Amino acid sequence: MKNIVDSIAASRDITLDQLKTLLAATDDEAVNYLFSRALETCRSVYGNAVFMRGLIELSNHCKNDCLYCGIRRSHTSVTRYRLTKEQVLECCSTGHGLGFRTFVLQGGEDGWYTDAVMVDIVASIRSQYSDCAITLSLGERSRESYQRLFDAGANRYLLRHETANAAHYASLHPAEMSFDNRMRCLQELKEIGYQVGCGFMVGSPGQTPETLFDDLQFIRCFEPQMVGIGPFIPASGTPFENEPAGSVETTLRLLAIIRLMNPRVLLPATTALGTMHPRGRERGILAGANVVMPNLSPKDHRKDYALYDNKLCTGDEAAECRVCLDRRIRTTGSQLVVDRGDYRK
Ligand code: SAM
């Protein structure tokens with residue numbers, strides 16, 4: 001198996017057979033070799049820095065009905081909220097004081113945040129925090145809308161492709177959502193000049209080694225600056241509430257493979273990984289991840305942005321999360337840094 005790891009590192013590519021072997025491997029020594037090569041690859045580009053992104057959960061209103069998501073439109077027992085510009089700026093102020101130099105505005109697809117509203121929010125953050133990167137994660141919008149937000153000062157956009165297999169995509173989403181439109185959005189974001197993040201859930205219902213292979217090949221060809229992957233975790237009240245959660249071990253192996261195939265990519269150790277295992281994020285860092293995204297959202301609303309059950313840190317203050325993560329990351333030999341954490345070309 002070590003020869004497979006060496007071959008992926010050298011070619012920055014993988015075959016379906018190699019992927020199947022790595023996913024099925026039971027030899028601890030070989031799996032640890034995969035993780036240590038990925039860690040070494042990450043450190044050769046970014047040293048032992050781990051970048052922080054302050055996550056601001058803008059709204060849990062959503063017009064979409066993704067079958068996996070806890071804030072899907074049909075989930076009627078969700079208490080819905082929206083943050084105002086003033087609340088967002090308050091989160092940024094707290095975050096900046098804690099050393100955050102990237103703010104991620106994420107939310108459901110909520111028509112209340114028209115281009116005019118979003119441009120005002122983005123431009124206000126840009127004028128007050130010229131030393132910070134602004135990342136948006138607001139789902140599918142028109143090319144014109146992406147362009148306006150970019151012109152207002154946004155630098156990065158996260159839009160997970162969810163799966164690069166069109167039939168699998170159709171089984172995770174309602175008929176009115178389309179794989180082609182998702183791909184159109186990703187392509188346009190890149191053309192406009194955003195640093196773009198794609199990604200997928202590990203263990204989503206219907207996922208197979210073949211669909212994962214499609215994901216890895218899509219990422220290799222698309223060359224995103226960021227890749228967000230984390231385990232699927234069932235959310236009560238959704239059609240997938242009784243489906244099994246994705247595996248932490250598989251997520252770690254995929255993080256390592258993605259790092260070996262894309263040495264420069266910015267790769268978060270996600271909250272979902274931390275939710276599934278008490279040391280999930282630390283293990284993610286040791287498998288080649290180099291980003292963490294603690295929550296800066298107002299404490300009152302955190303429990304309502306429940307994409308899945310038992311989400312981590314919903315009761316903590318931002319400052320508590322910062323201190324806790326700092327301690328956790330140090331145990332890996334890496335350290336949180338006060339830095340925008342841009343993609344290194
Ligand atoms: N609406 C935006 C979008 O579609 O990109 C951003 C918000 S969306 C809730 C953010 C991500 O949460 C999705 O891309 C999805 O991969 C992840 N997610 C949703 N439900 C999940 C679940 N049950 N388990 C793990 N991740 C989930």
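In each ligand, atom 1 is the first atom listed, and ligand 1 is the first ligand listed. Values in this document were obtained by computation on a predicted structure and should not be read as measured data.
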Residues R37, K2; criterion side chain to side chain contact (heavy atoms under 4.5 Å, CB included); working and verdict: CA-CA 10 Å; R37 285 293 310 258; K2 287 188 178 177; over 6 Å; no
Are any of the N/O atoms in [X] less than 3.5 Å from those in ligand 1?
X: R160; answer: yes
X: G70; answer: no
X: S137; answer: no
X: E109; answer: no
X: I233; answer: yes

Counting only heavy atoms not in E243 (residues, nucleotides, ligands), do more than 12 fall under 6.0 Å from its CD? yes
Is it the case that more than 12 heavy atoms not belonging to R143 sit under 6.0 Å from its CZ atom? yes
Please confirm whether [X] approaches ligand 1 to less than 4.0 Å, judged on its heavy atoms.
X: S204; result: no
X: Y157; result: no
X: R182; result: yes
X: A272; result: no

Criterion ring-ring contact (aromatic ring centres under 6.0 Å, His included) on Y169 and H161, from CA distance to verdict: CA-CA 9 Å; Y169 189 93; H161 63 284; 9.1 Å; no
Using a strict threshold of under 4.0 Å (side-chain N to carboxylate O), is an ion pair present between [Y] and [X]?
X: E57; Y: R302; result: no
X: E320; Y: R327; result: no
X: R340; Y: D131; result: no
X: E140; Y: K63; result: no

Numbered atoms of ligand 1 (with element) below 4.0 Å of [X], judged on heavy atoms:
X: Y305; answer: 7 (C)
X: P231; answer: 25 (C)
X: L307; answer: 9 (C), 12 (O), 20 (N), 21 (C), 22 (C), 23 (N)
X: L159; answer: 5 (O)
X: E162; answer: 13 (C), 14 (O), 15 (C), 16 (O)

Protein non-hydrogen atom below 4.0 angstrom of atom 11 (C) of ligand 1 present: no
Any protein heavy atom under 4.0 Å from atom 20 (N) of ligand 1? yes
Do K311 and Y305 meet the cation-pi criteria used here (NZ or CZ under 6.0 Å from the six-membered ring centre, within 45° of the axis)? no
With heavy atoms and a 4.0 Å threshold, my read on which part of C66 contacts ligand 1 is neither
Per-residue contact class, E140 against ligand 1 - non-hydrogen pairs under 4.0 Å: neither
Quick one: CZ on F103 to SG on C91, what's the gap to the nearest 0.5 Å? 9.5 Å
Relative to atom 7 (C) of ligand 1, which among C69, G108, G107, G139 owns the nearest non-hydrogen atom? G107
for atom 18 (N) of ligand 1, nearest protein heavy atom and its distance come out as M201 SD, 4.0 Å
Hey, would you say the F179 and H173 ring centroids sit under 6.0 Å apart? no
List the steps and the verdict of ring-ring contact (aromatic ring centres under 6.0 Å, His included) for F232 and Y68. CA-CA 8 Å; F232 159 73; Y68 45 83; 7.5 Å; no
